[in-house]
Amino acid sequence: MKYDHNKVEIKWHRKWLAEKIYEPSFKFAKNPFYNLMMFPYPSAEGLHVGNMYAFTGADIYGRLKRMQGHDVFEPIGLDGFGIHSENYALKIGQHPADQAKISQKNFYRQLGLIGNGFAWNERLETYDPEYYKWTQWIFVQMFKKGLAYRKKSPVNWCPSCKTVLADEQVVAGTCERCDSVVVKKELEQWFFKITNYAEKLLNNLEKIDWSERIKIAQRNWIGKSEGLIFSSPVKDTNLIIETFSTHFEAFTADTFVVIAPDHPLLSRLLDGVPNKSEILVFCKRIISERKKDHYDKKDSEGIFTGRYTVDPVGNGNLPIWVASYALAEYGTGIVKCSAHDERDFAFEKKYGIKLKPVLFPKDPEHRKKIEDLEECYTDMVNGYLTEPPEFAGRKAEDIRREIVKYVVKKNLARPVTKYKLRDWLISRQRYWGPPIPMIFCGPPAGGCGWQPVPEEDLPVKLPYIKDFKPTGTNQSPLASDEKFYKVECPKCGGEARRETDVSDTFLDSAWYYIAYLAKITNHKSQITNPFSNPLNKNWLPVNMYIGGAEHSVLHLLYVRFLAMVFHDLGLVHFEEPFPKFRAHGLLIKDGAKMSKSKGNVVNPDEYISRHGADALRMYLMFIGPFGQGGDFRDAGMKGVTRFLDRVWKLSQISNVKSQKDNQGLEKRTHQTVKKVTEDIENLNYNTAISALMILLNEMEESQREISQVELEIFVKLLAPFAPHMAEEIWREVLGNKESIHVSEWPKHDSKLVKESEVDLVVQVNGKTRSVIRVKVGLSQEEIEKTARSDQNILKYLDSVKKIIFVKDKLINFVS
RNA sequence: GGUCCAGUGGUGGAAUUGGUUUACACGCACGACUUAAAAUCGUGUCCCGAAAGGGAUGUGGGUUCGACUCCCACCUGGACCACCA
């Protein structure tokens, strides 16, 4: 009988749904396993093969867990709010709300085709008011806790698209959509105080089992650095400035100070300086030119402020300059500078400031160059100090700690920890997102200030407005909808104005894993309070989370941050939402990144209809290690379609053939069980599939002697990868009543896995000269005897001085 | 510029407490079947060499009886971050 993949796959999709094999019994589950994959944002023409790749990889893991006896919950939903979706709607001239309905239908259709074990009943969409009601509720809790606040801040602005852009839409200083240069604009914005949790976000990384590269990225992003703050008075003023330094070993080398052009203290510093206005004009220009392009270290610009500070370490008066390379938002925004920093050095040279090197290399010739100021020397590890006298002649890396003690004792500085992490800018002046649930009560009325929308009034529904395009007026399109923004103050009842900005998409996705569980209690559209859900205790945190590495410092940091806040508010019982996370690799196409502009995006639909979902799944997983990604080439499909054809053929003949035992095959089968199980646990799907191919090859060779038991084991091992064909063979060919996907995963017999004979390598001076087939466990004497009589070895054995023997592996004659 | 990862046949890739380099698959070549092609099946396929043998895991060095694997330097590619003091 021929295998018609289209028919078979649709048949099982229907049956699986009817039999509810992918809906765990939530209340009575003994062995809950929450298997979560990052949900997609339906931004473009549909699901592309990269999504398919990610979901299939996650699904295979879930299927193993299910067959191993876990109650697996594998939900799916759409991250449909946000700029991505809105941009797509803009592009094709649709209203985002209308487009969402179309995309939703198409995405769920496509997601259905790949045959994953999704719990369809619990699916959710972030633009559903029942969902974003709770997104807004979370905002309100953040505000009440003092973790949501407003601040004026420069944001990315695309002059051509006339809109604010999210950071992630700014690629190398230009707009992702039109390549225009992005400029900074000062706007008052809502922020979440993620910096409060910097230390915990960093420390908890030690406790969670995540792909190491993601942990590294988060550590770098949080950017903890320990340094010293020196403070010193500014002459002729009553100001005191503080400077931050992490490379403070050469602290006596400082000869001047720079301050950021946008530093809040600058204006007061310049009070009384004759050319104040000239300096401020300079600062304004620098600020506006910033971020236009990549920074060039040699191109620093500066201007002298006319002020001096008294150096705390005794270098006299240090001139204070405004420098383009000083950042107001890092450290204290003011830096003490020396000859031992590349940027400082270039700046000093450019403006003829006095230099005083105190750190030198050992090599005298090299040292001379530093003394003559021909070269900048920055090696705080191998350099030797000449100052202060207490540390003269000592290596920089050896005395870091001592210097801290020294300066603290002398009251010159204090140790401080700083982070690169900045607060999360949460507002967006766009339409397609959850309105921020805040109301401002100004002076004409009670002047109550910012008030949260009362919880019973949530959700603040996003109105359907015709003109949803970005306005270019620093305000969301909602600001032109009077019905929306004109409200009463919840506190005094006076006339007030509703916040018209919406929140960042990453807030939507920062709590969705909790929302899926809230869907269970009510299968309609309502989400009952997700944080008082009794199921949370049993089902959270998520057991396995799989997703793309591109979210390593966005989504994956925000979601951890919010979980910590929830924990501190007593809303959840865990701090880390995903104790185990694995990043999958990037799927490229013919050597290039898939992108719409290149026109090389692969739509999975045609592959599924031509070869079947099973073949596509297997091909995607066979390309390479799941954690590393792979290159999608049409030619590669052939290998797995052949494999599946052969599996089908084998199933058609084997059940009528004899049941005779075949010891070789039995051993291979058990070895394969072990290998496939371990490989799936480690997400090494490519080698698991290759092991199945090897087993199939051997089964074909010994066709007449396959027992039903071995075929059953084979089909079970295949089930996570090719769920449809495995089910078809399991039920229709082998006659089982219950689904293979809830059957028991095979276990290997460790006795049967062991080989009784091995190929033992015979080497002479480390070169392989012969391979002998021997029984396992033979002693050196026995092996030596056999090896010495080997024809290929005899001629080398004249002057053996030493013999290296590794049991069951090799013997090496060294002469 | 910083951080991290990778470099193995014609191609995707296998191989890790250091122990037979190239599993599995694609492609290619030849053969079978066919009027023919596709599909399928079989055989072969790292390089040099008739063979014996030698060489080969980006390059150069080191440690070791033995290195794809560990160490040092460099080259190339990729990812993320990027004026972070």
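Only heavy atoms go into these numbers, but all of them, side chains included; no hydrogens, no water, no symmetry mates. First the proteins, then the strands, lettered A, B, ... as listed; each starts at 1.
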Is it true that the NZ or CZ of A:Arg560 lies under 6.0 Å from the centre of A:Trp210's six-membered ring and within 45 degrees of the ring axis? yes

Base paired to [N] (Watson-Crick or G-U; both N/O distances under 3.5 angstrom):
N	value
B:G1	B:C81
B:G27	B:U45
B:G66	none
B:U17	none
B:A73	B:U59
B:C33	none

[X] has an atom [atom1]; how far is it from atom [atom2] of [N], in whole Å?
X	N	atom1	atom2	answer
A:Glu701	B:G42	CD	C1'	12 Å
A:Glu212	B:A6	CD	P	12 Å
A:Asn682	B:A14	CG	C1'	15 Å
A:Arg422	B:C84	CZ	C1'	8 Å
A:Asp645	B:C41	CG	C1'	13 Å
A:Tyr325	B:G1	OH	P	19 Å
A:Ile588	B:C5	CD1	C1'	15 Å
A:Trp210	B:C4	CH2	P	19 Å

Under 3.5 Å, side chain of A:Tyr685 to main-chain N/O of A:Phe626, donor-acceptor pair present? no

Sidechain-backbone polar pair: A:Asp311 side chain, A:Thr255 backbone, donor-acceptor under 3.5 Å: no

Contact string for nucleotides 15-30 of chain B, one letter per nucleotide 5' to 3', B = base within protein heavy-atom range under 4.0 Å, S = sugar-phosphate only, - = neither, reads ----BB--BBSSS---

What contact category does A:Gly548 fall into here, base, sugar-phosphate, or nothing, at under 4.0 angstrom with non-hydrogen atoms? nothing

Which part of the nucleic acid does A:Lys767 contact within heavy-atom distance under 4.0 Å: base, sugar-phosphate only, or nothing? sugar-phosphate

For [N] versus [M], give the span between their [atom1] atoms, rounded off to a whole number of Å.
N	M	atom1	result
B:U16	B:C70	C1'	11 Å
B:C24	B:U8	C1'	15 Å
B:G27	B:A82	C1'	42 Å
B:C41	B:U34	C1'	13 Å
B:C71	B:G12	C1'	31 Å
B:U35	B:C26	C1'	31 Å
B:A52	B:U63	C1'	33 Å
B:A36	B:G55	P	49 Å

Pick out the pairs of N or O atoms, protein on one side and nucleotides 77-81 of chain B on the other, that lie under 3.5 Å.
none

If you compare all heavy atoms of [X] against all heavy atoms of [Y], which two are closest, and at what distance to 0.1 Å?
X	Y	value
A:Arg773	A:Glu757	NE-OE1, 3.1 Å
A:Arg213	A:Ala549	NH1-CB, 3.6 Å
A:Phe714	A:Leu692	CE1-O, 3.5 Å

With heavy-atom distances below 4.5 Å as the criterion, would you say the side chains of A:Tyr351 and A:Phe256 are in contact? no

Side-chain touch A:Val640/A:Met693, heavy atoms, less than 4.5 angstrom: yes

I'd like a list of close polar pairs between nucleotides 48-53 of chain B and the protein, N/O only, cut-off under 3.5 Å.
residue, atom, partner, partner atom, Å
B:G53, OP1, A:Lys795, NZ, 3.4

Using the glycosidic torsion, which applies to B:G9: syn (within 90° of 0) or anti (everything else)? syn

Please tell me whether A:Ser338 and A:Asp344 have a donor and an acceptor in their side chains that are separated by less than 3.5 angstrom. no

Give me the ring orientation class for A:Phe244 and A:Tyr330: parallel if the planes are under 30° apart, tilted from 30 to 60°, perpendicular past 60°. perpendicular

How are the rings of A:His551 and A:Phe506 set to each other: parallel, tilted or perpendicular (split at 30° and 60°)? perpendicular

Interatomic spacing from CG in A:Leu616 to CE in A:Met52 - rounded to 0.5 Å: 4.0 Å

Less than 4.0 Å between a side-chain N and a carboxylate O, is that true for A:Glu242 and A:Arg414? yes

Does a side-chain N or O from A:Arg219 land closer than 4.0 Å to OP1 or OP2 of B:C4, or not? no

With A:Tyr619 as reference, evaluate A:Phe643, A:Phe632, A:Tyr53, A:Tyr607 under the ring-ring contact (aromatic ring centres under 6.0 Å, His included) test and give the passing residue. A:Phe632

